[in-house]
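What follows is one structure encoded as structure tokens, with my remarks underneath.
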Amino acid sequence: MAEISSGYEPKAVEEKWRKHWEEARIFTPNPDDPGEAYSIVIPPPNVTGALHIGHALNLTLIDVLCRHARQKGKNVLWIPGTDHAGIATQNVVERALKKEGKRRQDLGREAFIERVWQWREEYGHRILDQIRFLGCSVDWTRLRFTMDEGLSKAVRRVFVKLYNEGLIYKGDYIINWCSRCHTALADDEVEHEDKKGHLWSIRYHIEGSDESIVVATTRPETLPGDTALCVHPEDERYSHLVGKMAILPILGRRLPIIADSYVDRSFGTGALKVTPCHDPNDWMLGKRHNLEFIQVIDENGIMKAESGPYEGLTKEACRERIVEDIEKEGDLVSVSDLTHAVGHCYRCHTVVEPHVSTQWFVATTKLAPKARAAVPALTKILPETWVKTYYHWLDTIRDWCISRQIWWGHRIPAWTCEHCGKLVVAEESPTVCPACGKTDLIQEEDVLDTWFSSSLWPFSTMGWPDSTKDLERWYPTSVLVTGFDIIFFWVARMMMMGQHFMGRVPFADVYLHALVRDASGRKMSKSLGNVIDPVLMIEKYGCDALRFTLTAFAAMGRDIRLSEERIEGYRHFVNKLWNAARFTLMNLGDAKPVPCNLSAIEGLHNQWILHALEGAKKDVDAALTDYRFNDAAQTCYKFLWSSFCDWYLELVKPDMQSEDTVVRDRARYVLWLVLRELLVLLHPIMPFVTAEIWDALPVPDSEEKKELACEPYPPERPECVRQKEADAMEFLQGVIVAVRTVKAELSISPAKTLHLMAKPNSQEQRAVLEENREVLLTVARLSELTVTDELNAPKASASEVVSGCQLVVPLLGAVDLKGELARLDKQLGKLEKNLESVNRCLADQNFIQRAQKDVVDNKRALAAELLDNKAKLETMRRRFAEAIEEESAR
RNA sequence: GGACAGUUAGCUCAGCUGGUGGAGCAUCGCCCUUACAAGGCGGGGGUCACAAGUUCAAGUCUUGUACUGUCCACCA
């Protein structure tokens, strides 16, 4: 296919390659394949999810890494999969049920779970399709789901082992309860948000005395659950009351007054009511002081019988009533405004209620130290700024509440014998009680926290607990790429589980990427209406444009402010590549490229572009190795646009017109080679457009055509590194720019051809100008080029100095001479300023003596050059001023 | 209350080990030059948040201040 259309149209192209990659199973590696192992597990998106921009960033970066690793000859495995997302998925299905007027309880557990599986069958592939849509080079044959059979087996194995080791236990504890989701939540599933509320000060009378203690509370509805008052042991205001009894308002119960240094004397009245069942700190106080535990709010947020007259009220209604009642009794001392942090469920945003109940826990306090010690020795966290956060979390970790009172998830493999009360924890359902031999075994109702199965992901996806070839070949994984928002939920827990069960950390590197925000830096959210839908962006601008944008903005440790305009902007880049390819194909015609000896290649422009390509190859490789995605993208961008398109394609045009077939074939070959290697560099970032162009590109007879996705990274070509020629090219470019500048600033039409006279500063410059005469005439649009040592230019000439080479363009006809004078003055002004600062430096003896020698030498050379330029320009200015006088004299 | 980041051109951001401040977009001027108007060429625009310190030399290193943002935390 040597013909491609003039504007790049992504849709059909993408469709074609997506299908091809999957069908050809290009990304399905074999453990026996050669090459260093390289593996990544996908951060499994929720099965209920739709691709959002954060996924798009995450997946793009992983795909860039995987494709690049493949190019470097590694044996790459990228495992895709989804997470069953317990609470989220259950919520979705419950909502669907609600439309039918049913609750999950109406169906019963089994039927409900059946229903969830059905739902997953029907809708669960959406997110997978979107991963496909993004062009991810995952191995679809190894697709996993956190609830599939293998992973369930892994979960049970882990649970039982941890239980037997005493690292999983069951106990009463105050946990975070979401009364809407009807389940316990782990500490990090609670989001704290500052809310405006009130602080009520309530008087508690002291038994057998006229005295009273005023305490402040933000939650008066918990008052019926009070079982003590607490003050600081050294607080003189209250010390005489410690040990006495206070009377609970309204209910009249007697409350001991205790002392504990936990109390902050300076806050409120320095006295505190203790409600052990409804506040985590009070719970701690209750345990420490052996207080009574009275639960007054139930798991639905309704007041229990223990709350006496308030039984049956919602906790909100109860709050109002209690405040009213206390006020009536005259014990409401004051009400003030207070802003304080209130916990919300991270799934449904309902206010979380501390709740005492029996739950299962993983003793993460025991597993944490090893996971901490692994960083950075065994696992490197990048950017490093997150290491401290990781440490801090592990240092202050509490045991992990893993039981959830929902139905969708891995059911806890524990059974209680109804007869003897024996608790049996086993991988397979026991048929008889090992203690009494009876068969009345009831399984735990609760399921495990979704993150429990996620924490096993790096090895469970590779087939653990079986010993598989995949595990042997690809565990531990090379790198985990994920957002920093799940460093605790997921990363730290995978570290603990990986170390405990595999004996090795699950990944060598952890790369934490930024959050994608909107153009003004706000989080993207549906309610703000500022979400950018990646699927829509792909449809509008093409997948490559989106991918390139995300890569270009993925600077380490910095959030990304994304807007649609940016994606639109990078679409231009994709199109630029497309058109550069069109130019190349057009000029190759039907001819196949004929390789020539690169170490002896002629033509400054050829030498230069090959030299620049070597630099780009090195830079891109180094950048991707260091996870500097933005640098890799930037290098490609600059090389393609600024070097290849802006210069090389223009410089090579005369060659293409040349009668000399040697010149022409040589240029064709270089053009072909540079484009080809550039396609390889860009392919990890923009897989589609590059694959399409690659496909259209002919190969020399000596080569077999492969597909781009399987093409290795281009080899280094030391023979193409030519610094001297690159410098010469820079000079030539300077000359061309000078001519253009003169035209533009003096309002001479770019189409107007001019006579350029040049007085070179050296033999090298002379040679460069002479040897590139054709290029100069074409690209700088000259009518004539005179290279001379004797400048016999008319006084009315524009002039420039480039690297000491004097350039003069006679100005004929209707040119504004004053304009040139102004231009020269501006140039001279700039020179003057530079020279001054350089001279100031050189005049400083301290600098001369203490600075490094080469720095001083460079400065001196610079000063000399500036001085030379200045002298030359001043001469020209003088002559020019005379020309103007002569003009006006006429 | 702790911890961490950020502050560079109108906007979004690069600037590695200190040595005359960069890119993209936007803006202005000129061009439909046979790959590309989703383009080409050229120009303008910055006491690098503020202050002190180290140094011959600071956007770059140190400390402090201000503002912005994020995360963690049991202030009732």
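By convention in this document, chain letters (A, B, ...) are assigned in the order of the sequence lines, proteins followed by strands, and residues within each chain are numbered from 1.
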(request) Just compare B:G42, B:G40, B:A38 and give me whichever is closest to any side-chain atom of A:A744. (result) B:G42
(request) Look only at the side chain of A:H232 and the backbone of A:G270, and say whether a donor-acceptor pair between them is shorter than 3.5 Å. (result) no
(request) From the options B:G42, B:G19, B:U12, select the nucleotide whose nearest atom is closest to the side chain of A:R740. (result) B:G42
(message) Please give the distance between the P atoms of B:U63 and B:A73 as a whole number of Å.
(response) 27 Å
(request) Whole angstrom is fine here: how far is it from CZ in A:F488 over to P in B:A3? (result) 15 Å
(request) Please figure out whether A:Y637 or A:Y262 has its closest RNA chain B nucleotide nearer the 5' end. (result) A:Y637
(request) Send over the distance from A:K743 NZ to B:G29 P, rounded to a whole Å. (result) 21 Å
(request) Pick the P atom in B:C16 and in B:U60, then give their distance to the nearest Å. (result) 11 Å
(request) Flag the pair A:D226 / A:Y204 as yes when at least one side-chain heavy-atom distance between them is below 4.5 Å, and no otherwise. (result) yes
(message) Tell me if the CZ atom of A:R237 is crowded by more than 12 foreign heavy atoms within 6.0 Å.
(response) yes
(request) Sticking with atom C1', work out how far B:G6 lies from B:A14, rounded to a whole angstrom. (result) 15 Å
(message) Rounded to whole Å, how long is the line connecting atom CZ of A:R571 with atom P of B:C25?
(response) 14 Å
(request) Round to the nearest Å and state the distance from A:L777 atom CG to B:U33 atom C1'. (result) 15 Å
(message) I'd like the P distance from B:A3 over to B:G22, given in whole Å.
(response) 38 Å
(message) Between B:C28 and B:U65, how far apart are the two P atoms, rounded to whole Å?
(response) 44 Å
(request) Could you give the distance separating B:G39 and B:A26 at their P atoms, to the nearest angstrom? (result) 9 Å
(message) If you compare every side-chain N and O of A:H572 against the phosphate oxygens of B:C36 (OP1, OP2), does one of them come in below 4.0 Å?
(response) no
(request) With P as the reference atom in both, quote the distance from B:G24 to B:A9 in angstrom, rounded to an integer. (result) 16 Å
(request) Send over the distance from A:Q634 CD to B:G22 C1', rounded to a whole Å. (result) 10 Å
(message) Please give me every residue in residues 537-552 of chain A whose heavy atoms get under 4.0 Å of an atom in RNA chain B, ordered by residue number.
(response) none
(request) Considering just the side-chain nitrogens and oxygens of A:K576, establish if one lies under 4.0 Å of OP1 or OP2 belonging to B:G40. (result) yes
(request) Compare the minimum distances between each of B:U20, B:C36, B:G43 and the side chain of A:S837, then state the nucleotide with the smallest one. (result) B:U20
(request) Could you pick out which residue, A:S749 or A:G270, lies toward the 5' side of RNA chain B when each is mapped onto its nearest nucleotide? (result) A:S749
(message) Just N and O in the side chain of A:K388: are any of them under 4.0 Å from OP1 or OP2 of B:A3?
(response) no
(request) For A:H392, look at atom NE2 and say whether over 12 heavy atoms of other residues, nucleotides or ligands are found less than 6.0 Å away. (result) no
